[in-house]
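What follows is a single structure, written as structure tokens, with notes after it.
Residue numbers start from 1 in every chain, and the chains themselves are labelled A, B, ... in the order their sequence lines are given, proteins ahead of strands. Small disclaimer: the values here were computed from a predicted structure and weren't measured.
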Protein chains: 2
Amino acid sequence: MAEQRHYAALDRVLELVVLINKDMTESLAKDGLTPSRTTLLWLLRSTGPSTQRALADGLGVSARTVTGLVDGLEATGFVVRQPHPTDRRALLVSFTEHGAAVVAEMERQHGEFADLLFGGMPEDRFESLYAGLGEIVDRLRSVGLTFTPTEEPS
Amino acid sequence: MAEQRHYAALDRVLELVVLINKDMTESLAKDGLTPSRTTLLWLLRSTGPSTQRALADGLGVSARTVTGLVDGLEATGFVVRQPHPTDRRALLVSFTEHGAAVVAEMERQHGEFADLLFGGMPEDRFESLYAGLGEIVDRLRSVGLTFTPTEEPS
DNA sequence: GCACATAGTGAGTGTGCATCACGATATGCC
DNA sequence: GGCATATCGTGATGCACACTCACTATGTGC
């Protein structure tokens, strides 16, 4: 029965999910970061200095949550809040030097991790795996799961 | 550069991680369950009636955390606490009928999910994917990541 | 210029997880 | 037999995260 094999494959996927979650959470903790705060940092890196509102939308969480995350990141010296140049209601969040350095280091580790997973894998083997991963991600997407926060039409 | 492809593959893996986490969390919520409580249920299913201590060890969390999880599961009618037949300090946690039924249903959904991911996939395609998944899980394991809670020698 | 929308925050709630302190019970050893 | 010690579960407390609701300060459109 194919079902049995599929079941086993799902177990591998789930194990992967658990393992990676665990690994990331732990390595983050060493930098004094939590998963959510890191996600914010990651977003900030790709957007540049942003208002908290923009971060909330980008993360798909409430404005209040961002206030809390930025509170933490500011207290630990990763980011700073500055007044917005034109909108006096808003605040611009940007990296401190330390924050920028930590994010750069994380990027390096990201590459290292990719190497751990795929480094030295025979070309054809890697390609099938890559394609297979693409397919199951597509299948998940086709059922309505989306990576980015679900934005609804009003 | 192979690195670029590896990087892209890692992104797919990470997307998978996020997507699956999200999907499970949401579908669990419909049954009135949270991820942690569900993990406990899942463990209970494979061990049979257990003391809270045993559950804590099995989950790799503190005894106090199990108290909280069982509190919740008991309040919502999934499990019951009964006195341990021989050890008066301990409590045995076991399923209610409702709890057992929900777990059975989850098992069914598990199969459905496997079908969503892999159903109708050409044999050879599936096999390479399965093998590839196995390899990266192995690589993670080889770096010390373990599925089961890390138990140290004294 | 006033109604209404928007940025951010205080207060309060719920969930998950942790540690510390503690009472109740079990057990090993003299 | 009885005391030291280990173990089971829980109260209290703290942190991270996310939410809602209410509110202030500010921007914008008609």
Side-chain angles (χ1 to χ4, degrees), chain A residues 18 21-22 24-26 28-43 49-76 78-94 149-150 154, chain B residues 18 21-22 24-26 28-43 49-76 78-94 149-150 154:
Chain A
V18 173
N21 265 323
K22 198 176 153 194
M24 305 224 114
T25 305
E26 282 174 6
L28 257 37
K30 286 181 191 142
D31 290 321
L33 285 170
T34 60
S36 301
R37 290 182 191 177
T38 307
T39 309
L40 192 154
L41 252 31
W42 209 249
L43 176 61
S50 311
T51 63
Q52 295 189 182
R53 180 73 253 165
L55 294 172
D57 292 342
L59 294 172
V61 302
S62 72
R64 189 61 186 81
T65 297
V66 170
T67 297
L69 294 176
V70 174
D71 281 350
L73 287 168
E74 194 168 37
T76 45
F78 288 90
V79 302
V80 285
R81 278 191 254 235
Q82 294 168 317
H84 190 286
T86 65
D87 188 337
R88 283 192 298 170
R89 291 169 307 177
L91 296 173
L92 273 187
V93 179
S94 36
T150 44
S154 78
Chain B
V18 173
N21 266 321
K22 199 175 154 190
M24 304 225 114
T25 306
E26 283 174 5
L28 258 36
K30 285 181 192 141
D31 289 322
L33 286 170
T34 61
S36 302
R37 290 182 191 177
T38 307
T39 310
L40 192 154
L41 251 31
W42 209 250
L43 177 60
S50 312
T51 64
Q52 296 190 181
R53 179 74 253 165
L55 294 173
D57 292 342
L59 294 172
V61 302
S62 71
R64 189 59 185 83
T65 297
V66 170
T67 299
L69 294 176
V70 174
D71 281 349
L73 287 168
E74 193 168 38
T76 46
F78 287 91
V79 303
V80 285
R81 276 190 254 234
Q82 294 168 319
H84 190 286
T86 66
D87 188 337
R88 282 192 297 170
R89 292 168 307 175
L91 296 173
L92 273 187
V93 179
S94 37
T150 44
S154 78

B:Asn21 CG to C:dT15 P, in whole Å, measures 19 Å
Worksheet item: Can a donor-acceptor pair under 3.5 Å be found between the side-chain atoms of A:Arg64 and the base atoms of C:dG10?
Response: yes
Contact check, residues 32-41 of chain A vs DNA chain D, heavy-atom distance under 4.0 Å, returns A:Thr34, A:Pro35, A:Ser36, A:Arg37
What does the list of N/O pairs under 3.5 Å between the protein and nucleotides 22-27 of chain D look like, with a distance for each?
unit_1	atom_1	unit_2	atom_2	d
D:dG27	OP1	A:Arg88	N	2.8

Heavy atoms of B:Leu40 and B:Leu55 approach each other most closely as CD2-CD1, 4.0 Å
Quiz prompt | Side-chain N or O of B:Arg53 closer than 4.0 Å to phosphate OP1/OP2 of D:dT7 | solution = no
Residue set satisfying salt bridge (charged side-chain N to carboxylate O under 4.0 Å, His left out) with A:Arg89, at least two apart, ordered chain then number -> A:Asp87
key: Pairwise side-chain contact, A:His84 with A:Thr51, heavy-atom cut-off 4.5 Å (strictly under)   = yes
Sorted by chain and number, sequence neighbours left out, salt bridge (charged side-chain N to carboxylate O under 4.0 Å, His left out) with B:Arg37 holds for none
With a 4.0 Å cut-off on heavy atoms, is A:Ala90 in touch with a base, just the backbone sugar-phosphate, or nothing at all? sugar-phosphate
Taken to the nearest 0.5 Å, the spacing of B:Asp57 CG from B:Ser50 OG works out to 10.5 Å
**Message:** Below the 4.0 Å mark, does C:dT9 have OP1 or OP2 next to a side-chain nitrogen or oxygen of A:Arg81?
**Reply:** yes
To the nearest 0.5 Å, atom OG1 of B:Thr65 lies from atom CG of B:Asp71 at 11.5 Å
| query | Any side-chain N or O of A:Thr65 under 4.0 Å from OP1/OP2 of D:dC17? | reply | no
Sequence neighbours excluded, the answer for side chain to side chain contact (heavy atoms under 4.5 Å, CB included) partners of B:Thr39 is B:Leu59
note: A:Glu26, atom CD; D:dA16, atom C1'; distance rounded to Å ~ 16 Å
CZ (B:Arg64) and CD (B:Gln52) are apart, to the nearest 0.5 Å, by 9.5 Å
Between the CG atom in A:Leu73 and the OG1 atom in A:Thr38, the distance rounded to the nearest 0.5 Å is 8.0 Å
B:His84 atom NE2 is separated from D:dT7 atom C1', nearest whole Å, by 12 Å
| message | Looking at D:dT10, I'd like to know if its phosphate oxygens (OP1 or OP2) sit under 4.0 Å from a side-chain N or O belonging to B:Gln52. | response | yes
Closest non-hydrogen contact found for A:Phe78 with A:Asp31 is CZ-O, 3.5 Å
Next on the checklist: Would you say B:Ser62 places a side-chain N or O within less than 4.0 Å of OP1 or OP2 belonging to C:dC17?
Outcome noted: no
Expected list for residues 66-75 of chain A near DNA chain C, using heavy atoms below 4.0 Å, is A:Thr67
Between CG of A:Leu28 and C1' of D:dC17 the distance, given in whole Å, is 14 Å
Whole-Å distance, B:Leu91 CG to C:dA24 P, equals 15 Å
Heavy-atom closest pair (A:Leu28 atom, A:Pro35 atom, distance to 0.1 Å) is CD2-CA, 3.8 Å
B:Arg81 backbone acceptor or donor facing B:Glu74 side chain under 3.5 Å: yes
